[in-house]
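Working notes for the structure below.
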Number of protein chains: 2
Amino acid sequence: MRTVDEMVDLFKARGYRMTPQRQCIFRILQDNTSHPTAESIYRAARKQVETISLQTVYRTLNELASVGEVLPLELGTGMARFDPNTDQETHHHAVCSVCGKVRDVFAEYQGVALPDALRPDFDVVAVQVVFKGVCSACQEASRTLRAMTSRQEHKAKAKMEVVG
Amino acid sequence: MRTVDEMVDLFKARGYRMTPQRQCIFRILQDNTSHPTAESIYRAARKQVETISLQTVYRTLNELASVGEVLPLELGTGMARFDPNTDQETHHHAVCSVCGKVRDVFAEYQGVALPDALRPDFDVVAVQVVFKGVCSACQEASRTLRAMTSRQEHKAKAKMEVVG
DNA sequence: TGTTATTTGATACTTACTCCTAATAAAACT
DNA sequence: AGTTTTATTAGGAGTAAGTATCAAATAACA
């Protein structure tokens with residue numbers, strides 16, 4: 001995504017009006033690498049513009065997506081995530097299937113293209129490579145849990161499940 | 001996914017009971033290349049077992065997924081799709097962002113792996129390559145629509161939108 | 001500053017999916 | 001085969017992500 005100032009100009013050029021709510025969302029997304037959900041953006045936005053509604057967050061995110069300044073990601077974690085880094089050539093994702101966290105994967109993969117036979121039947125707009133797996137934090141957590149279970153420290157385990 | 005008979009044995013071996021509902025879902029998925037949703041499987045299943053519930057379809061699909069006999073796909077079309085072809089090496093997907101249809105893409109991509117730097121932080125279980133774009137049917141439809149609009153055949157266009 | 005069209009936020013709605021529970025039926029054991 | 005046990009089912013209620021609607025607020029611009 002561009003800078004906030006550039007986004008303001010771009011939105012105005014497209015005939016959108018500039019509101020504190022929209023600028024606030026631009027600011028939150030600016031250089032954001034946390035792959036936020038609509039909810040998490042909403043929570044951050046309320047700290048700056050107390051009366052902003054979730055509806056406005058969704059609306060603005062969809063506008064940003066339709067202008068190509070934000071990439072909506074559907075990674076099987078139950079809700080959409082929005083990535084201001086829209087580069088699809090060198091920028092992919094790793095999703096932890098335990099905690100749902102998403103990490104950027106910077107790499108350029110050669111030769112990932114539709115086979116010739118399919119080419120006439122499908123006009124490719126974007127290619128997404130998604131790595132599914134378990135992040136080191138969750139690996140560590142499950143190792144600890146297993147060790148506890150084998151020693152039958154059930155109380156500690158139960159406590160950890162509640163805390164975690 | 002394996003044959004229905006093999007699936008029956010596998011489920012029994014895992015301590016699951018064999019019911020007409022489960023076998024029916026096995027049969028529907030067998031060699032199914034349409035990337036069905038839970039809803040579409042439910043509709044097909046009701047033709048064979050009239051009283052089957054959506055809940056049972058979801059439950060069975062989750063069981064199949066946890067046993068690794070079905071691959072749940074989250075492709076940004078708003079609902080999960082279930083693929084009995086669980087080969088992740090040579091089998092990828094192309095999703096039409098207009099009609100939502102999913103096509104198989106058979107190709108083996110070399111070198112699509114996590115960069116070394118990330119390797120210790122993330123244990124990769126699966127890699128998915130997704131092509132997003134527009135299928136030929138939807139390209140054709142939008143071409144027709146544009147041609148109509150330019151000739152200002154508004155009534156025909158409106159009619160087509162309702163029909164499509 | 002006044003006018004007007006866009007945007008906002010509250011509320012209601014839709015939809016994909018899960019939870020709960022009494023009834024049912026598959027498997028285990030006579 | 002009959003009985004018991006226990007997993008499974010149907011169906012309704014519930015949840016949560018996201019969308020539609022619309023009166024009121026406000027940005028843009030004269």
Side-chain angles (χ1 to χ4, degrees), chain A residues 4-5 7-26 28 35-43 45-67 70-82 97 100 102, chain B residues 7-26 28 35-67 70 72-82 97 100 102:
Chain A
V4 173
D5 287 352
M7 288 305 307
V8 169
D9 291 346
L10 184 123
F11 259 52
K12 284 188 179 171
R14 297 240 173 183
Y16 291 117
R17 290 185 180 173
M18 198 37 53
T19 65
Q21 291 90 334
R22 279 178 178 157
Q23 283 194 60
C24 168
I25 293 169
F26 295 168
I28 289 167
H35 308 88
T37 64
E39 263 293 327
S40 74
I41 293 167
Y42 172 61
R43 265 182 273 121
R46 287 200 70 142
K47 289 178 187 163
Q48 299 181 33
V49 181
E50 304 107 49
T51 67
I52 196 171
S53 72
L54 194 52
Q55 160 80 13
T56 297
V57 173
Y58 276 110
R59 201 186 312 107
T60 306
L61 286 170
N62 287 337
E63 287 157 2
L64 282 163
S66 79
V67 171
V70 136
L71 187 66
L73 303 173
E74 298 283 349
L75 301 169
T77 57
M79 58 204 125
R81 291 167 174 278
F82 297 86
S97 51
V102 180
Chain B
M7 289 305 308
V8 169
D9 291 346
L10 183 121
F11 260 51
K12 283 189 179 171
R14 297 241 173 183
Y16 291 117
R17 291 182 180 173
M18 197 37 54
T19 66
Q21 291 91 334
R22 281 180 175 153
Q23 284 193 60
C24 168
I25 293 169
F26 295 168
I28 289 166
H35 308 89
T37 63
E39 263 293 326
S40 74
I41 293 167
Y42 172 61
R43 265 182 274 119
R46 287 200 70 142
K47 289 178 187 163
Q48 300 181 35
V49 181
E50 303 107 49
T51 67
I52 196 171
S53 73
L54 195 51
Q55 158 82 15
T56 297
V57 173
Y58 276 108
R59 199 189 314 107
T60 307
L61 287 169
N62 287 337
E63 287 157 2
L64 282 163
S66 77
V67 172
V70 135
L73 303 173
E74 298 283 348
L75 300 168
T77 57
M79 57 204 126
R81 291 168 174 275
F82 297 86
S97 51
V102 180

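Lettering of chains follows the sequences in order, A, B, ..., and the numbering in each one begins at 1.
Looking at the side chain of Tyr58(A), the nearest of the listed nucleotides dG18(D), dA20(D), dT8(D) is dG18(D). Each of dT9(D), dT26(D), dT19(D) was ranked by its minimum atom distance to the side chain of Gln55(A); first place goes to dT19(D).
Within the nucleic acid shown, Ile52(B) comes within 4.0 Å of sugar-phosphate atoms alone, with no base atom in reach, counting heavy atoms only. Backbone-only contact: Thr51(A) has heavy atoms under 4.0 Å from sugar-phosphate atoms and none from a base. Counting any heavy atom pair closer than 4.0 Å across all strands shown, Pro20(A) reaches sugar-phosphate atoms only and no base atom.
Close to dT8(D), at under 4.0 Å from its OP1 or OP2, lies a side-chain N or O of Arg22(B). Close to dT9(D), at under 4.0 Å from its OP1 or OP2, lies a side-chain N or O of Arg59(B). At least one side-chain nitrogen or oxygen of Thr56(B) sits closer than 4.0 Å to the OP1 or OP2 atom of dA10(D).
One cannot find a donor-acceptor pair under 3.5 Å joining the base of dA17(D) and the side-chain atoms of Glu39(A).
Between chain B and DNA chain C, the heavy-atom contact criterion of under 4.0 Å yields a 5' to 3' nucleotide range of dA16(C) to dA27(C).
If you take CZ of Arg14(B) and P of dA7(D), they are 17 Å apart, rounded to a whole angstrom.
Counting heavy atoms from C-beta on, the side chains of Ile28(B) and Gln48(B) come closer than 4.5 Å. Contact of the Leu64(A) side chain with the Phe11(A) side chain is registered, since non-hydrogen atoms from C-beta on lie closer than 4.5 Å.
Each of Ile25(A), Leu61(A), Leu54(A) was compared with Tyr42(A) under the side-chain contact (heavy atoms from CB on, under 4.5 Å) criterion, and only Leu54(A) meets it.
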